[in-house]
Amino acid sequence: MSKPIQGFFGYARIEPGELSMITFTEVNKWFKELHVLKDINLHVNQGEVVVVCGPSGSGKSTLIRTINKLEPINSGTLIVDGMDLSDKKADINRLRAEIGMVFQQFNLYPHLSVLKNITLAPIKIRKLSKKDAESDAMALLERVGLTEKRGAYPTQLSGGQQQRVAIARALAMKPRIMLFDEPTSALDPEMIGEVLYVMKDLAQSGMTMMVVTHEMGFASEVSDRVIFMDEGEILEEAHPKDFFKNPKHERAQQFLKEVLSPMH
Amino acid sequence: MFKYQFDWSVVLSGQYAEWLLSGIKVTFQLSVVSIIFSFLLGLLIAVMRMSNVRPVRWFAHGYLEFFRNTPLLVQIFFWYFGSYKILPMVINDWLNRTNFEFAAAVIALTIYTSAFIAEDIRSGVRSIPKEQMEAARSSGFSYIRSMQYIILPQAVRITVPPLINQFLNLTKNSSLAMTIGVMELTYQARQVESYTFKGFEAFTAATLVYVVISMIIAGLMTLYSRKVLNPIRAK
């Protein structure tokens with residue numbers, strides 16, 4: 001066993017373990033007639049970092065949005081952190097509090113300052129005192145390098161800064177899983193690095209993460225597993241080394257060629 | 001040419017000026033109380049109108065159509081003369097001992113204006129990107145709490161200009177309350193006119209006061225929204 005390292009976010013480093021966090025079994029989803037998720041089987045353990053990639057419209061965003069039930073599934077079973085999402089009685093709000101989500105468009109609350117964006121849910125849902133929530137928030141802002149922006153409003157920040165605040169906001173709930181839905185796709189190229197840097201440190205702290213991204217550098221360097229999707233199916237699931245060196249599926253080869261060298 | 005003798009002193013001093021002053025006070029009270037209630041009721045109706053629960057949504061829809069499409073004067077008469085008749089004696093007695101004219105006017109103005117406010121707020125809510133609701137729900141807020149903390153505060157900020165309009169309409173509409181004997185500004189101006197025959201002066205004074213009251217309300221709201229609600233413009 002490797003020695004636990006103190007992670008960037010203060011969690012002890014946990015090696016991907018046996019504890020199951022997300023399990024898809026024969027999951028299907030339709031948007032009207034469109035079959036967007038086809039017989040999905042997928043298992044994610046605690047502490048694993050899984051990158052989901054694939055061409056646009058492949059269902060990868062839908063896949064991670066089913067995990068906190070932003071998209072309900074139509075058939076199959078999906079168990080997240082021990083909760084069966086097909087169970088009508090499941091307390092979805094309680095589960096969502098345990099799952100942080102980071103969006104492509106950041107989705108910060110524009111009427112609240114950076115600090116209040118981060119402390120709102122901990123105060124209202126976790127019932128933290130304002131003082132505790134703010135000291136947690138300041139610690140998170142320090143870690144994403146934005147303490148001086150605590151009083152700013154989202155529109156006063158660059159895209160990269162907004163996304164880092166969004167990550168801090170999600171982490172403020174001390175989630176057990178973090179979902180990233182194309183977190184860098186809306187960013188100017190020079191801002192992608194600062195966001196990936198934060199995500200990388202989060203991954204190394206042992207957070208269970210599912211990341212939809214086209215950042216293949218991040219996938220190969222940080223992830224434990226890469227999943228390739230096309231037309232609603234998982235076509236390939238592999239260790240990043242194998243996936244990049246030697247993709248098995250023809251469409252995965254094609255996709256990698258296009259992503260890695262768009263001009264050939 | 002003009003035989004009319006202008007005499008501004010009747011509205012500027014003495015007993016008649018006192019009548020006008022007390023009318024101003026009542027108009028101001030009537031407006032402010034109704035503004036507060038109509039805003040709160042409008043928020044509630046707007047949320048109900050957008051509810052996922054069908055009967056709730058239908059009720060709100062019916063409410064909106066009903067109160068937007070009937071004359072305010074009829075509604076004032078209904079609450080004052082009509083609602084009275086169907087209430088139990090005990091309540092009637094109690095109402096007679098209180099200032100029922102004022103209460104009926106507040107109820108009518110509140111309900112009538114809340115229908116318009118609800119529609120303004122609803123269009124404000126619809127202009128908030130749906131991703132805001134997603135972000136709120138994904139951090140564990142229920143639908144109602146997401147509305148309360150994230151969607152409505154933004155929607156209300158956007159809705160401030162039409163809300164100012166509704167509040168000004170309400171203030172001006174409050175003059176209809178004279179028809180049921182609320183001694184507000186228009187009522188008192190009418191009184192002054194019938195005692196002194198100085199109609200021009202009395203209603204000029206009333207008109208100017210309405211302008212001033214409206215400007216004060218609009219000014220305060222603009223100031224409030226600039227300084228408190230909206231330090232930074234949402235995109």
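- To the nearest 0.5 angstrom, A:L120 atom CG is 7.5 Å from B:S139 atom OG.
- Around the CZ atom of B:R57, the shell of radius 6.0 Å holds more than 12 heavy atoms that belong to other residues, nucleotides or ligands.
- Within the 4.5 Å cutoff, no side-chain heavy atoms of A:F103 are placed close to those of B:E131.
- Within the 4.5 angstrom heavy-atom criterion, only side-chain atoms of A:R169, from C-beta onward, approach chain B.
- Looking at every heavy atom in both residues, A:R96 comes nearest to B:R137 through CD-O, 3.0 Å.
- Applying the 6.0 Å contact sphere to CZ of A:R94 captures no more than 12 heavy atoms from other residues, nucleotides or ligands.
- Taking CD of B:E134 as the reference point, atom CD of A:E71 lies at 7.5 Å (rounded to 0.5 Å).
- Atom NZ of A:K116 has 12 or fewer neighbouring heavy atoms from other residues, nucleotides or ligands inside a 6.0 Å radius.
- Once rounded to the nearest 0.5 Å, the distance linking CG of A:D91 with OG of B:S142 reads 10.0 Å.
- Within a 6.0 Å radius of CE in A:M21, other residues, nucleotides and ligands contribute more than 12 heavy atoms.
- Taking each heavy atom of B:F141 and A:N93 in turn, the nearest pair found is O-OD1, 3.7 Å.
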Give the intermediate values and the outcome of side chain to side chain contact (heavy atoms under 4.5 Å, CB included) for residues B:R145 and A:K124.
-> CA-CA 9 Å; B:R145 295 277 173 245; A:K124 300 296 181 189; over 6 Å; no

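- Crowding of A:R150 atom CZ: a count of heavy atoms from other residues, nucleotides or ligands under 6.0 Å not exceeding 12.
- Both the backbone and the side chain of A:N107 come within contact range of chain B, with heavy atoms under 4.5 Å apart.
- Atom CZ of A:F31 has more than 12 neighbouring heavy atoms from other residues, nucleotides or ligands inside a 6.0 Å radius.
- Scanning all heavy atoms of the two residues, the minimum distance from B:G140 to A:I125 falls at C-CD1, 3.5 Å.
- For A:I99, the part lying near chain B is the backbone, with the side chain staying farther off; criterion is any non-hydrogen pair under 4.5 Å.
- Using a 4.5 Å cut-off between heavy atoms, A:L95 does not touch chain B at all.
- Heavy atoms of other residues, nucleotides or ligands lying less than 6.0 angstrom from OH of B:Y143 number more than 12.
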